[in-house]
Amino acid sequence: MADVTHTVPDLPVPLVHDPGTGLPQGPYRSLLSRVERVAFLGLMVAAVLSFVVVAALDFRWHRHDTATASQAWVQALAVQVESAVVFGDSGAAQETLAAAAVYPNVLEVLVTGVGVDGVLAAHPLPSGVNSVTAHLASWPRADRLWSTELPVFGSVVSAGERVGTVHALIDLRPMWRSVVQHALILLATVMLAVMLAGWVTRHLLKKLLAPVSELAEAVQSLAGRNSFSARMPLRAHDEIGLLTQRINQMLAHIEARDALLAANHAQLLELGQRADKANQAKSEFLAHMSHEFRTPLSTIQISSYLALKSGLDDRQRSHVDRIRQAADLLQSLVNDVLDFSKIEAGKVEIDAVPFAWSDVLRQLDTIVGQQARDKGLQFTVGTEGPMPTQLLGDPVRVAQVLMNLAHNAVKFTTTGGVDVHTQVLGQTGVQQWLRVTVTDTGPGISGKQMGQLFQAFHQLGRGTGAAVGGTGLGLVISRQLVTLMGGDIGVTSEPGQGSSFWFTLPLGVLAVPSTPPAVPATEAAQPLQRLTLLLVDDNQPYRDGAADLLRHAGAQVVLAGNGEEALAALAAQGVDAVLMDVQMPVMDGLTAVRHIRSQPRWADLPVIAMTANARVEERDRCLRAGMTDFVAKPFHAPLLFRLIVSLCGAARQTHADTQSAPSDAPDAIQSPSGRGDTQHDG
């Protein structure tokens, strides 16, 4: 368990955002500064609001007083010109207006009679006024608050009847100057009050928040020392004091927790080491047991294969065939348990190497197709539309999923056949989506059984009533592998109507689509004819059986029991390829292949590792040591023969190219040809 340290930055520095705690990122700001900002903002809002309200009321009062005084003056003037208006005496009215014009801020005053669109008297005398109505229309409206001129009207009344009107235009600029002066005085007073209130507030806040600052510094000091044994003193009996008490309680809990963690730390480390050792021991045990199972299984399968090729009567052939089927079942069990263990441990890696889809289908037809034909079933492999000639993915895992589904279909089908159909769904970017469907004519799967599919260690009977072998891990492994490769898997089925298992995969496209070649149904009678092979293995029963199998395929076989014998055999006789076991006494296979690669004459010689340890780590170790390819025991004979022919052909072509090179070219050790990244496991 790694030690966890909490780092508190020195103040004031930017606080880094912590995704675990969700604290916001930003520069440090003290509580005092934030409270001051809030208080100052509140004071400013109150000051601005007060200033606006008082200034508005002052303006309203000034304007109201000016309007009232002007209206009273106009009304008094109307009384003075009453007789002049009644008798139409323009001169008398003019004299009255001239005497009254001393009223301050009067811009213009007119006297008109009722029903007469003309001026009886005016001061000052207007020029070019032909219509009183038009002239008065040019005056500003009385309800305009921001105007610098105010129109005032007064009626001239005689004997209870209105006989004329006095019109006056009052200048409001003196009023505005007074309002502005009052506003400036008010603003200065408010700003002074805000500054004084801010100073008093800051002084009080410093005293109020001083315990908080001390508390923060104490917590920072404790965190910096990464020690929680100290306690903070109680300074006040208020909320700050309550916070101090809670922090001290928290420090006590943290101290107790650290003590408990320290006590359990060594125990946890010991338990973790035990778990690692147990997991490693389990992996080593599985690898060892796999090796121990695969070696005799290889001998049984090879011997039964050769026995079936010999002249046996029907009864003998039936016995040997049951032996072969039992060996195949044991091999399937071992493979499933190993794969499930690797998936649980998270050690399954998905490769991305170029491969041909036709090779996967050919391998499927060679292995599962022959099983179906042996049961009297029809086995068909088809592809809808053109397929890319080269795909990018993990051919070993793709073939494993496809063979699991096809093998289950053959196992549960008694009459009819199995069809494997490949369809190109489409392309996204550089990836081609494939859908593979395996359809059988078996008994189908009921709704209850459908819910139990893809569960570990669950084996469906599909209503056949016959016992079927297996661990019940095939579908679980297939689902995990398809998920790791970015695809999906499912099934559709009805009782009595057969089943269709399907999976989709995204695979890279390396070549343009073309019509796939037909999948051959049979292999050549003697595919290894005219080839000389060196078989190296310390297990004599397996070595003898494998030699008979290779000779039956037409090859000349040279035998060796360990690495030293293999090197001596190579020095005495030329061979086309070497089949090398890995774990052997005297000299193991990896040491032997290093000696082989150190000789320029054997640089291109195909050396195939053949071991019962089928782990990916073992395959990588063999390839790094210099092996050309890797085959796990027990192997499938046709696939092994095809690999040998392919590697020998590539080695001969490389040798021919080297011989045809210019004589003055520098000598170079050729890289092992035909090195495969696929695991051939039968």
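Taking CD from Gln363 and OG from Ser358, the interatomic distance works out to 11.5 Å, rounded to the nearest 0.5 Å. A distance of 6.0 Å separates CZ in Arg642 from CZ in Arg362, rounded to the nearest 0.5 Å. Distance check: Leu405 CG to Ser500 OG gives 11.0 Å after rounding to the nearest 0.5 Å. Here the CG atom belonging to Leu623 is positioned 10.0 Å from the CD atom belonging to Glu618, to the nearest 0.5 angstrom. Note: Ile367 CD1 to Met403 CE = 3.5 Å, rounded to the nearest 0.5 Å. Rounding to the nearest 0.5 Å gives a distance of 11.5 Å between CD of Gln480 and CE of Met485.
In this structure, the side chains of Val607 and Trp602 stay at 4.5 Å or more apart for every pair of heavy atoms. Using a 4.5 Å cut-off on side-chain heavy atoms (C-beta onward), Arg621 and Leu590 make contact. At a threshold of 4.5 Å between non-hydrogen side-chain atoms, the residues Thr383 and Leu361 count as touching. Contact check for Phe641 versus Leu550: side-chain heavy atoms found under the 4.5 Å cut-off. Counting heavy atoms from C-beta on, the side chains of Asp359 and Pro395 never come closer than 4.5 Å. The shortest distance between side-chain heavy atoms of Leu535 and Arg543 falls below 4.5 Å. Leu567 has its side chain within reach of Ile596: a pair of non-hydrogen atoms, C-beta onward, lies under 4.5 Å apart. Between Leu434 and Val424, some side-chain heavy-atom pair lies under the 4.5 Å cut-off.
Between the side chain of Thr483 and the main chain of Arg479, a donor-acceptor pair closer than 3.5 Å is present. Judged by distance alone, the side chain of Arg435 and the main-chain N or O of Phe503 form no donor-acceptor pair under 3.5 Å. The main-chain N or O of Ile608 is never found under 3.5 Å from a side-chain atom of Thr628 such that the two would form a donor-acceptor pair. Side chain of Lys633 to main chain of Asp581: no donor-acceptor pair is present (N/O by atom type, distance under 3.5 Å, no hydrogens or angles). In terms of modelled atom types and a separation under 3.5 Å, the side chain of Ser646 and the main chain of Leu643 share no donor-acceptor contact. Between the side chain of Arg619 and the main chain of Phe630, no donor-acceptor pair closer than 3.5 Å is present.
A salt bridge is absent between Asp588 and Arg594; no separation between the charged side-chain nitrogens and carboxylate oxygens falls under 4.0 Å. Of the charged side-chain nitrogens involved, at least one lies within less than 4.0 Å of a carboxylate oxygen, so that Asp548 and Arg551 count as a salt-bridged pair.
The two residues Gly393 and Leu507 make their nearest non-hydrogen contact at CA-CD2, 4.2 Å. Contact record, Leu377 with Gly417: CB-CA, 4.4 Å, taken as the closest heavy-atom pair. Among all heavy-atom pairs drawn from Pro527 and Val645, the shortest one is O-CG2, 3.4 Å. Heavy-atom minimum distance, Gly442 versus Thr413: N-OG1, 3.8 Å. Of all the heavy atoms in Leu533 and Ala555, the pair that sits closest is CD1-CB, 3.9 Å. Contact between Met580 and Ala566 at its shortest, heavy atoms only, is CE-CB, 4.4 Å.
When each of Phe501, Trp502, Trp357 is checked for a side-chain contact (heavy atoms from CB on, under 4.5 Å) with Val436, only Trp357 meets the rule. Tested against Leu605, the residues Val578, Val593, Leu534, Asp576 include a single side-chain contact (heavy atoms from CB on, under 4.5 Å) partner, Val578.
Side-chain contact, Asp419 with Thr439: no donor N or O sits under 3.5 Å from an acceptor N or O. With no hydrogens or angles considered, a side-chain donor-acceptor pair links Arg397 and Gln400 at under 3.5 Å.
With a 6.0 Å radius and a threshold of 12 heavy atoms from other residues, nucleotides or ligands, Glu564 has its CD atom above the threshold. Within 6.0 Å of the CD atom in Gln378, the count of heavy atoms belonging to other residues, nucleotides or ligands does not exceed 12.
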(request) Begin from the C-alpha positions of Thr437 and Gln423 and carry the test side-chain contact (heavy atoms from CB on, under 4.5 Å) through to its verdict. (result) CA-CA 8 Å; Thr437 306; Gln423 177 185 3; over 6 Å; no
(request) Given side chain to side chain donor-acceptor pair (under 3.5 Å), test Gln370 with Asp374 step by step and report yes or no. (result) CA-CA 6 Å; Gln370 187 59 45; Asp374 291 343; 2.9 Å; yes
(request) Starting from the C-alpha separation in whole Å, work towards a yes-or-no answer on side-chain contact (heavy atoms from CB on, under 4.5 Å) for Gln599 and Leu570. (result) CA-CA 11 Å; Gln599 300 292 327; Leu570 281 177; over 6 Å; no
(request) Test Ile644 against Leu579 for side-chain contact (heavy atoms from CB on, under 4.5 Å), laying out the working first. (result) CA-CA 9 Å; Ile644 294 173; Leu579 305 180; 4.1 Å; yes
